[in-house]
Amino acid sequence: MAQAKFQTHHGMVDILPGESEKWQYLERIIRETAAEFHFSEIRTPVLEPTELIARGIGQLTDIVSKEMFSFSRGETNYVLRPECTAPVARAYVQHHLDQRGGAQKLFYIGPMFRAERPQKGRQRQFHQFGAELIGTDSPIADVEIIRFMMRIYEKIGLTKTTLMINSVGDPESRAAYKTALQDYFRPQLSELSEISQQRFETNPMRILDSKEDEDQKFIEDAPLITDFLNEACAQHYAEVKQYLGDSGIIFVENPRLVRGLDYYTKTAFELISSDVGSQDALGGGGRYDLLIEEVGGKPTPAVGFASGIERLMIACEALGIPLGEEPALDVYVVTRGEAAQRWAMDAITQIRKLGKSATMDFSGKSIKAQFKDADRQNSRFAIVAGDDELKSGSFNFRDMSDSTETPKTLAEILDILR
RNA sequence: GAGCCCAUAGCUCAGUCGGUUAGAGCGCCAGGUUGUGGCCCUGGAGGCCGUGGGUUCAAUUCCCAUUGGGCUCCCCA
């Protein structure tokens, strides 16, 4: 097809009528569930200080090193947020949310931006919902976050998923593990893929994430983080698994699960679907006990998750799970003549005041065309107004589903609709 | 950053082994029913065959470039 003069940027999509209803439906479920769990919504700006994202997520991550949309005006550096945990942490510190007392339960829904090559399940502007529970290191909080996430998928009907969990330890455990990993990989360093060789120094844990063929045979026998957890981390991990089990949540332990953001400590988890193509992570999260301090707050433990809405939709589509419906119209007023149009303008106003939806023809189309329009808009009723009806005050009130038509005054119609 | 595929009507797609006016289904508009939708019938609008260049008497078709799109690797939601 001919290319339009102006189009969306690469990897950015319009959500059109027919699609937007699905978004509203999903957002409604997310908000409902948040209310049940008593998470409060937080809305942060789409633009954040570059430094916040770089520090929060980690300079060496893919997101920060190559996927940020950023620009400067004068001395100020802006980024379109690539995720929302660091911004929420920033808001928590900036507005002293700890002073509200107790642990804070926050959720968000909104667009995120990463400058990657788009493909199925990956866009440059995409949408996430997520939650953060800030101010407690209890493993119950970890489980609360996971239960919140899982409950949303459950309500939507997307149960064909796998929850993977792991513990990535705290700095002490990780230092011990890092040394062990380097000791393990050092003898075969030259045989590793180029990218893994780079990661050997900077972040050897990410080698485990590698999908390069030449790395696989080494990764298989590499030491596991779970064997290097100190007492506190091991205990925490055991309790998380215990409480998950108590909650009836089925999970798979994956000792090689490493998340791509630097701020995670202890618990890490990921929800996988085999129905979204090669980008199979529906959502993920974990504990980040060091982040709040990293962005300038007091040391504050926290745990959270983020899920991709587009991927959720792809999975639902693949599994035939319905997401919301086209909204029906209550009343379409069919008119003939200018006087009738004026009457209709008033009639639809009165119908709308009842909380019912109503519309009319604006362009003087034929009666037939107007009925066709009413049908297309899935209208439940039609009112026919012409000169005769205006004179008598009696209008044909048509039930579009069975084509029955009875004469009614407007007052009677309003009564029926009420 | 790398690889593969694709581009003809609003949508899904035929088609031209290079040859006068480029097709279908669906959708849209109108008529059949001078005031009645969904089914049916008839008609109509709508394409410089993504853009630029090359080869040729002739290009939507072949070649090159470019733009846009899709998928994959990497990584992530």
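- Per the geometry, NZ belonging to A/Lys372 stands 13 Å off P belonging to B/G32, to the nearest Å.
- A/Gln279 has its CD atom 10 Å from the P atom of B/C71, to the nearest Å.
- The aromatic ring centres of A/Phe37 and A/Phe148 sit less than 6.0 Å apart.
- With respect to the salt-bridge test (charged N to carboxylate O, under 4.0 angstrom), the residues A/Arg81 and A/Glu83 do not qualify.
- A/Asn77 and A/Ser72 are linked by a side-chain donor-acceptor pair at a separation below 3.5 angstrom, with hydrogens and angles left out of the test.
- Counting non-hydrogen atoms under 4.0 angstrom, A/Lys120 reaches the backbone sugars and phosphates but no base.
- For the C1' atoms, the distance from B/C39 to B/G23 is 26 Å, rounded to whole Å.
- One C1' atom belongs to B/A7, the other to B/U66, and the distance between them is 13 Å to the nearest Å.
- Among the protein residues, A/Arg376 comes within range of the sugar-phosphate backbone only, with heavy atoms under 4.0 Å from sugar or phosphate atoms but none that close to a base.
- Counting any heavy atom pair closer than 4.0 Å across all strands shown, A/Leu282 reaches sugar-phosphate atoms only and no base atom.
- Look at the C1' atom in both B/G27 and B/A9: the space between them is 11 Å, to the nearest Å.
- Looking at heavy-atom distances under 4.0 Å, A/Glu389 makes contact with a base.
- Atom CD of A/Gln123 and atom C1' of B/A77 are 10 Å apart (whole Å).
- Here B/G31 presents its P atom at 12 Å from CD1 of A/Ile367, a figure rounded to the nearest Å.
- Nucleic acid contact for A/His127: none, since no nucleic acid atom lies under 4.0 Å from a heavy atom of the residue.
- Across the P atoms, B/G31 and B/G35 are found 10 Å apart, a figure rounded to whole Å.
- The base of B/C76 has none of its N or O atoms less than 3.5 Å from a complementary donor or acceptor on the side chain of A/Glu83.
- Going from the C1' atom of B/U34 to that of B/A30 covers 15 Å, rounded to whole Å.
- With hydrogens and angles ignored, no donor-acceptor pair closer than 3.5 Å exists between the side chain of A/Glu116 and the base of B/G1.
- A/Ser273 places none of its side-chain heavy atoms less than 4.5 Å from the side chain of A/Lys160.
- The aromatic ring centroids of A/Phe129 and A/Tyr108 lie 6.0 Å or more from each other.
- No hydrogens or angles considered: nothing links the side chains of A/Arg186 and A/Gln182 as a donor-acceptor pair under 3.5 Å.
- If you check every strand for non-hydrogen atoms under 4.0 Å, A/Glu310 touches nothing.
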Going through the distances and angles, do A/Val143 and A/Val240 end up as a side chain to side chain contact (heavy atoms under 4.5 Å, CB included)? CA-CA 6 Å; A/Val143 174; A/Val240 167; 4.2 Å; yes
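- Rounded to whole Å, the separation between the P atoms of B/A2 and B/A59 comes to 35 Å.
- In this structure, A/Phe381 atom CZ and B/U36 atom P are separated by 21 Å, rounded to whole Å.
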Using Watson-Crick and G-U wobble pairs whose two distances are both under 3.5 Å, how do you write the pairing of RNA chain B as dot-bracket, with | for links to another strand? (((((((..((((.....[...)))).(((((.......))))).....(((((..]....))))))))))))....
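- Separating the P atom of B/G43 from that of B/G25 is a span of 11 Å, rounded to the nearest Å.
- In this structure, the CD1 atom of A/Ile63 is 6 Å from the P atom of B/A77, given to the nearest Å.
- With RNA chain B read from its 5' end, the first of the two nearest nucleotides for A/Gln7 and A/Ala281 is the one closest to A/Gln7.
- Atom name C1', nucleotides B/G50 and B/U60: the rounded distance is 12 Å, in whole Å.
- Residue whose closest nucleotide on RNA chain B sits further toward the 5' end, between A/Arg114 and A/Lys365: A/Lys365.
- The side-chain tip of A/Lys241 points at the ring of A/Tyr237 from less than 6.0 angstrom away and within 45° of straight on.
- The ring of A/Phe39 has its center no closer than 6.0 angstrom to the ring center of A/Phe107.
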